[in-house]
Number of protein chains: 2
Amino acid sequence: MTTIRSEATSARRRGPSMADVARAANVSGQTVSRVSNGRHNVDPETRERVLEAMRRLGYRPNSAARALRSGRFHSIGVIMFTLSSFGNMRTLDAIAIAAADAGYSITLIPVPHPTQGEISVAFDRLSEEAVDGVIIIVEAHLLDENDVVLPAGLPVVVVDSTAGDRYPVVDTDQAHGARLATEHLLGLGHRTVWHLAGPERSYSATHRRESWEATLRAHGADVPRALVGDWSSESGHELGLRLAADPEVTAIFAANDQMALGVLRAMHEAGRSVPGDVSVVGFDDMEESRSFWPPLTTVRQFFGEVGRRSVEALLHEVESGERDESMLVATELVVRASTAAPRA
Amino acid sequence: MTTIRSEATSARRRGPSMADVARAANVSGQTVSRVSNGRHNVDPETRERVLEAMRRLGYRPNSAARALRSGRFHSIGVIMFTLSSFGNMRTLDAIAIAAADAGYSITLIPVPHPTQGEISVAFDRLSEEAVDGVIIIVEAHLLDENDVVLPAGLPVVVVDSTAGDRYPVVDTDQAHGARLATEHLLGLGHRTVWHLAGPERSYSATHRRESWEATLRAHGADVPRALVGDWSSESGHELGLRLAADPEVTAIFAANDQMALGVLRAMHEAGRSVPGDVSVVGFDDMEESRSFWPPLTTVRQFFGEVGRRSVEALLHEVESGERDESMLVATELVVRASTAAPRA
DNA sequence: GGGTTGCATGTTCACGTCAACATGCGATGC
DNA sequence: GCATCGCATGTTGACGTGAACATGCAACCC
């Protein structure tokens, strides 16, 4: 009459619970709980007996019950585009590590396609209470356009984007990086710098472009029309061919390394030497950039830092209820072989 | 006396529960549950009243309570190295999408460093019951060396590796891909093919290398000594310089695209033309490979397919209890401009 | 020696949900 | 006109855990 269940539902049997361990160790459930949570007010001998029982039975604490009891899930949701950029992946890595260090796990909430509907679907997953906070790595304009409603009271940090002043943002200092790149080229003696921008509705692309333009103006240089790509090396190649055809062009700042790669290919195809005829600077410093031909001068982003800081900010809000300030992470220029002074 | 709590713990207030909704809609909790789960045996008018109350209160079902009640978490754990390869990221993407489609979320279990201790730590997270099954994207030798104990009864699928016959494996058909690459080069008329292998203890590297060697033998070609890299473009560059110094070398099969990129750079530096003097083939077909200089001939892996299939296999086991067979996903040769017939 | 303190351990109950089992009521059948 | 059925809705209890509140016992104090 008591345990028919264990027979009936044999296909999906649950593991042992605290009660089972308690029985086996001849203690109360509460003592098992104390051992399980590493409390110190347990007699060493009793503790050992309980641990032994746990081992023997293969006991695993049930996190659902724990979460139900405590109201905390010890999990951070990360909303991001799938097949996202190299940088986002690196950021995700750092987030995962930082979260793990803090005892939180990461729940991925993928957005397969950045279309109206899909985004909402992703956020719908949040309507099921299962995370303590959320880190969003999605271009902010998509949030705006979808008038996504985040559950009230859920801590949120936005990465690599902007969020007006609705949420704290952790981001690379795009403007700083773009200035470094532009000034590097001007400093080498180039009359001006052409720009291969990222998609118009991307905030990071916009920031880089605006800063490039501002830097040129500050130095009294002409501001050529920016060419707009889509972050892909393919688009870099296509637009690069156009720039290669113009002998005026001696310095190019591409908004990411992948487009810079496409530009390098275009220059090779057009028979223009890099950096002899044309200097090229990228943005990101991806793993491979040092092995491009020629090795790429680029702006290094510290994705790890961005990831770490965003977790820090989020957990601070989760645990204290206070919202952090937004913050920017500096960049660094990495000079390699794709830039040089223009021909005399 | 009843609700001091809502005042006292104002900092960490829980959201409304079913009971709150029930009260607001003047129905029983069970009816709320039925509406929440989309059951059909609810009067349309009642349903509307409940939905209205949910909306008004901002009700979100508590997944912890649900999981506790049902014994299912609707979550898949993914154990993988951080800063992992391009391919693993693509696989992860596909896994996330496939899981989301099936109504499961992904819990990331990162392994910061593939050292003894770290791996065990990652698996310890599993000892806290919170996922219905696990997909492991970690080189299998690490599992062996750490005699990791997975919780008994937890469904597991291993990706891109081997697991003896302990668990089902979903993997790219490495041998097939390596054969395609090697035969392509032999077919162009090269006397033999040099190989830049991945790290010795990587199963995929070993499979590719063994298949390369077997293919050469099958065609009666000499088998040069393989050079061993670490998957990075840096190592490809370093070893590439050695190959560049040997005029005998006319065809190189690199075990991944990143090393192939390093080889291309080495050839440029050494003044050997690709594909004029030396043909180069990679493995993976990463996004950027088409923009290398010259665009890289490579073996395409279908990471998306691997991810999808692994989720399929795992969920099949989770839901039916039956273990799937291991399976291989075919590859495809993508011929671009880095390969040609040898000089006469 | 009676009271107090400190510590290991036990008991009770609520966290939010949902399956299983009522209940209640109008419609249908003979 | 009374039994039967179908359907909407309600009540009860258990899932596994851990906070809050006992209890029980030894050591200590004056």
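Every chain is numbered from 1, with letters handed out A, B, ... down the list of sequences.
Contacts between residues 52-67 of chain B and DNA chain C, counted as heavy-atom distances below 4.0 Å, involve B/Tyr59, B/Pro61, B/Asn62, B/Ala65, B/Arg66. A heavy-atom distance below 4.0 Å to DNA chain C is reached by these residues of residues 18-29 of chain B, ordered by number: B/Met18.
The NE2 atom of B/His40 sits 11 Å away from the P atom of D/dA8 (whole-angstrom rounding). Atom CZ in A/Arg49 sits roughly 12 Å away from atom C1' in C/dA8 (whole-Å rounding). Computed from coordinates, the B/Phe73 CZ to C/dG16 C1' distance equals 15 Å when rounded to whole Å. For the pair A/Asp43 CG and C/dG6 P, the interatomic distance rounds to 19 Å; values are reported in whole Å. Here the P atom of nucleotide C/dC18 and the CG atom of B/Leu68 are 11 Å apart, to the nearest Å. Summarising the geometry, the separation between CG on B/Asn37 and P on C/dG16 is reported as 17 Å, rounded to the nearest angstrom.
The side chain of A/Thr31 lies closest to C/dG10, out of C/dG10, D/dG18, C/dA8. Of all nucleotides listed (D/dG10, C/dG10, D/dA19), D/dA19 comes nearest to the side chain of A/Arg69. Listed nucleotides D/dA8, C/dG16, D/dG18 differ in distance to B/Asn41; the shortest reach to its side chain belongs to D/dA8.
Atoms CZ and CZ, on B/Arg308 and B/Phe302 in that order, are 10.5 Å from each other to the nearest 0.5 Å. Rounded to the nearest 0.5 angstrom, A/Met89 CE and A/Ile95 CD1 are separated by 12.0 Å. Once rounded to the nearest 0.5 Å, the distance linking CG of B/Asp171 with CZ of B/Arg309 reads 12.0 Å. Atoms CD1 and CD1, from B/Ile76 and B/Ile109 in turn, are 11.5 Å apart once rounded to the nearest 0.5 Å. Once rounded to the nearest 0.5 Å, the distance linking OH of B/Tyr104 with NE2 of B/His74 reads 5.0 Å. Atoms CG and CD1, on B/Leu314 and B/Ile135 in that order, are 5.0 Å from each other to the nearest 0.5 Å.
Remark: the A/Thr107 side chain and the B/Ser105 side chain contain no N/O donor-acceptor pair separated by less than 3.5 Å. If you check the side chains of B/Ser36 and B/Arg66, you find a donor sitting under 3.5 Å from an acceptor.
Across all strands, B/Thr46 comes closer than 4.0 Å only to sugar-phosphate atoms, never to a base (heavy-atom distances). At the heavy-atom level, A/Ser33 lies under 4.0 Å from base atoms of the strands shown. Residue contacts for A/Arg39: at a heavy-atom cut-off of 4.0 Å it reaches the sugar-phosphate backbone alone, with no base atom in range.
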Would you tabulate the nitrogen or oxygen pairs shorter than 3.5 Å linking the protein to nucleotides 20-25 of chain D?
none

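The closest donor-acceptor contact from the side chain of A/Thr91 to the backbone of A/Gly87 lies under 3.5 Å. Between the side chain of B/Ser33 and the backbone N or O of B/Gly29 there is no donor-acceptor pair closer than 3.5 Å. Using modelled atom types, no side-chain atom of B/Asn37 and backbone atom of B/Arg34 make a donor-acceptor pair closer than 3.5 Å. Side-chain atoms of B/Arg47 come within 3.5 Å of backbone atoms of B/Arg39 as a donor-acceptor pair (strictly under, hydrogens ignored).
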